[in-house]
Amino acid sequence: MSPHARPLIRRVAEVRGLIRIRLLLAWASLSAAGVGVALTAGWLLAGKTGWRGATPVPLVVDGALVVWLAAAVLLLRRAMDRWCGEDAVAAAMEQAMQMDAGAVRGALELSRGVPGGVSGALAERAAALGAAAVTGGDLRHLAGAPGARSRA
């Protein structure tokens with residue numbers, strides 16, 4: 001691994017971490033909203049007299065809550081897979097910094113190993129240019145579209 005690639009790899013990891021944190025906060029908010037709705041619905045459905053025996057309503061409310069939380073977990077996993085992968089993060093960083101498509105991803109791939117027939121000096125230069133382009137930017141800006149979507 002080239003010394004120029006380390007800052008680039010670290011920056012990609014930082015952006016990925018920021019997107020993950022935002023997704024987890026959004027997921028926690030969504031889950032908490034579902035729990036709040038279920039508790040409020042249970043309270044309203046119980047009425048002043050409370051639950052009466054032999055009624056399936058509490059089971060329905062609990063079942064809806066379990067379905068809500070399961071859907072929230074699936075949504076979180078799908079969002080993590082879609083927005084936190086190295087390719088997605090690299091593409092978001094390229095767009096945010098108005099770089100050529102594939103510049104960050106290419107530098108990352110070359111940092112792992114230079115294929116036969118490729119100049120080591122050119123690989124070093126690509127890693128250096130990629131690192132220089134993204135090390136100065138603000139993490140929130142570098143997160144690009146996935147970072148903006150995960151805030152919503």
**Complete:** d(Ile19 CD1, Arg82 CZ) to nearest 0.5 Å is 12.5 Å

Between side-chain atoms of residues 23-34 and protein atoms elsewhere (two or more places apart, or another chain), which donor-acceptor pairs fall under 3.5 Å?
{"residue": "Trp27", "atom": "NE1", "partner": "Ala72", "partner atom": "O", "Å": "3.0"}
{"residue": "Ser29", "atom": "OG", "partner": "Leu25", "partner atom": "O", "Å": "3.0"}
{"residue": "Ser31", "atom": "OG", "partner": "Trp27", "partner atom": "O", "Å": "3.0"}

**Request:** Kindly compute the distance separating CE (Met93) from CD (Glu14), expressed to the nearest 0.5 Å.
**Result:** 8.5 Å

**Item:** Residues forming a side chain to side chain contact (heavy atoms under 4.5 Å, CB included) with Ser119, sequence neighbours excluded
**Value:** Ala121, Leu122

**Request:** Answer yes if Leu69 and Leu76 sit in the same cluster of Ile, Leu, Val, Met, Phe, Trp and Tyr residues linked by side chain heavy atoms under 4.5 Å apart, and no otherwise.
**Result:** no

**Residues which pass side chain to side chain contact (heavy atoms under 4.5 Å, CB included) with Ala38, listed by chain and number, not counting sequence neighbours** = Val61, Leu65

**Asked** When hydrophobic residues are tied together by side-chain contacts of less than 4.5 Å, even through go-betweens, does Leu75 share a cluster with Val35?
**Response** yes

**Request:** Return the set of residues passing side chain to side chain contact (heavy atoms under 4.5 Å, CB included) with Arg77 (not counting sequence neighbours), or none when no residue passes.
**Result:** none

**Request:** Could you pull out all residues at least two apart from Asp62 that satisfy side-chain hydrogen bond (donor to acceptor under 3.5 Å, both in side chains)?
**Result:** none

**Prompt:** Do any N or O atoms from the side chain of Glu94 and from the backbone of Arg105 form a donor-acceptor pair under 3.5 angstrom?
**Reply:** yes

**Item:** Set of residues satisfying side-chain hydrogen bond (donor to acceptor under 3.5 Å, both in side chains) with respect to Arg16, sequence neighbours excluded
**Value:** none

**Asked** Rounded to the nearest 0.5 Å, how far does CZ of Arg11 lie from CD1 of Ile9?
**Response** 14.5 Å

**Request:** Give a yes or no on whether Asp81 atom CG has more than 12 heavy-atom contacts from other residues, nucleotides or ligands under 6.0 Å away.
**Result:** yes

